[in-house]
Amino acid sequence: MALCCVLSLQVHVGTSHQEQRVVGYLTCTHLHAIEGDSSVRCKQLDLLLQWEAEFRQSSPQSPEGEKVLEDLVAFDVILGDLNFDNCSSEDKLEQQHTLFTQYKDPCRLGPGEDKPWALGTLLDPSGLYDDDVSSPESLQKVMENEEGRKEYLVFPPSKNQCPASSQKGRKIPLKGNGRRIDYILYSDEGIQQDWKLVRLERDNSIDEKMMRSLLLIRNFTVLL
């Protein structure tokens with residue numbers, strides 16, 4: 001079974017000088033969570049791309065005889081909890097999915113390798129209700145500290161670590177900066193070329209702020 005829950009929105013941003021609608025697309029999903037079910041998640045990603053394309057192709061019915069100008073696309077974003085990361089060897093199948101050829105992940109260098117500044121978004125359940133991470137402000141302080149991240153984030157499993165065991169307080173080899181299972185992806189395809197596209201550059205730290213915000217939103221929601 002590969003049922004997939006997808007929420008797609010078309011946002012009306014404005015109207016051009018030529019009376020064309022300026023729109024953006026937001027797609028949110030939450031994929032299957034069980035470890036080892038990579039084929040299920042890949043099928044869900046196939047459905048996600050299929051349904052997102054069908055949604056974009058659908059257009060409001062125009063009055064008979066009236067010509068409707070093609071919409072101008074300002075942005076196209078997919079986000080959500082995909083329940084796989086880009087570092088774990090167990091998630092290799094998902095890491096190579098065609099989703100990442102159609103949409104760009106600003107935190108990713110390539111399949112199996114994240115950029116050095118990318119942070120995990122999955123908290124270790126054993127510390128989920130600790131005072132140190134009980135508010136957005138305290139969680140941010142913990143995530144800005146390397147030792148705090150090692151204490152509270154779930155990391156891709158190493159040879160010396162059982163995936164089902166708790167990591168909290170254990171001095172074990174840790175790979176990367178934690179499991180990043182929540183994503184914000186964007187596409188350039190179909191975007192008007194004469195519009196300025198904001199890039200996530202390392203120098204201005206927009207990317208790091210985005211990742212921290214995503215982490216805070218995800219985990220504080222769980223705490224609530």
Side-chain angles (χ1 to χ4, degrees), residues 2-11 13 22-33 37-57 71-88 90-122 153 156 176-193 195-202 204-219 221:
L3 296 179
C4 183
C5 180
V6 176
L7 174 64
S8 294
L9 300 175
Q10 183 190 73
V11 182
V13 180
V22 180
V23 301
Y25 292 94
L26 290 172
T27 301
C28 184
T29 190
H30 191 158
L31 299 189
H32 183 69
D37 283 353
S38 293
S39 59
V40 174
R41 280 185 289 275
C42 284
K43 178 59 178 177
Q44 290 179 326
L45 290 175
D46 292 340
L47 292 173
L48 171 66
L49 291 175
Q50 175 188 331
W51 292 341
E52 199 273 340
E54 292 173 355
F55 178 76
R56 286 194 56 170
Q57 290 171 2
D71 289 338
L72 300 177
V73 180
F75 57 86
D76 181 7
V77 175
I78 290 178
L79 65 159
D81 181 352
L82 304 188
N83 271 311
F84 66 86
D85 65 62
N86 192 41
C87 295
S88 298
E90 293 83 357
D91 295 336
K92 186 174 296 183
L93 196 62
E94 297 97 315
Q95 295 162 9
Q96 298 174 351
H97 194 271
T98 54
L99 170 72
F100 297 103
T101 64
Q102 299 183 37
Y103 286 81
K104 298 180 180 180
D105 180 356
C107 303
R108 166 183 165 119
L109 287 173
E113 185 178 7
D114 272 351
K115 294 180 180 179
W117 47 259
L119 301 181
T121 61
L122 181 61
L153 288 180
N177 290 320
R179 296 197 65 206
R180 183 175 62 90
I181 64 172
D182 300 273
Y183 293 77
I184 299 177
L185 312 175
Y186 69 95
S187 174
D188 286 334
E189 187 177 352
I191 306 297
Q192 296 302 301
Q193 295 303 312
W195 292 355
K196 182 178 180 181
L197 189 65
V198 177
R199 301 289 184 180
L200 300 178
E201 298 294 345
R202 176 66 178 83
N204 59 22
S205 298
I206 295 178
D207 40 24
E208 293 154 308
K209 292 177 181 178
M210 178 193 72
M211 282 302 301
R212 287 178 184 140
S213 297
L214 178 60
L215 177 68
L216 292 173
I217 291 171
R218 180 186 194 280
N219 287 313
T221 300

Report yes or no: does [X] contribute a side-chain atom to a donor-acceptor pair with the main-chain N or O of [Y] at less than 3.5 Å?
| X | Y | result |
| --- | --- | --- |
| Q95 | D85 | yes |
| N86 | G110 | yes |
| S187 | E189 | yes |

> In this structure, which one of Q10, R56, E52 forms a side chain to side chain donor-acceptor pair (under 3.5 Å) with Y25?
Replying inline: Q10
[X] versus [Y], closest heavy-atom pair with distance:
| X | Y | answer |
| --- | --- | --- |
| K115 | R108 | CE-O, 3.8 Å |
| S88 | R179 | OG-NE, 3.7 Å |
| C87 | D114 | SG-OD2, 4.2 Å |
| L153 | G178 | CD1-CA, 4.3 Å |

Working to the nearest 0.5 angstrom, can you tell me the gap between [X] [atom1] and [Y] [atom2]?
| X | Y | atom1 | atom2 | result |
| --- | --- | --- | --- | --- |
| L99 | E94 | CG | CD | 11.5 Å |
| S8 | I78 | OG | CD1 | 8.0 Å |
| Q102 | H97 | CD | NE2 | 8.5 Å |
| S38 | K43 | OG | NZ | 15.5 Å |
| Y103 | T98 | OH | OG1 | 11.0 Å |
| L82 | L185 | CG | CG | 6.5 Å |

> Should the pair F100 and Y183 be assigned to parallel (<30°), tilted (30 to 60°) or perpendicular (>60°) ring geometry?
Replying inline: tilted
Are the side chains of [Y] and [X] in contact, using a 4.5 Å heavy-atom criterion?
| X | Y | value |
| --- | --- | --- |
| W117 | N177 | no |
| C5 | H30 | no |
| L48 | L31 | no |

> Looking at I184, D182, T27, which one forms a side-chain contact (heavy atoms from CB on, under 4.5 Å) with L79?
Replying inline: I184
>> Less than 6.0 angstrom from the centroid, inside 45 degrees of the normal: does R41 satisfy that with respect to the ring of F84?
In response: no
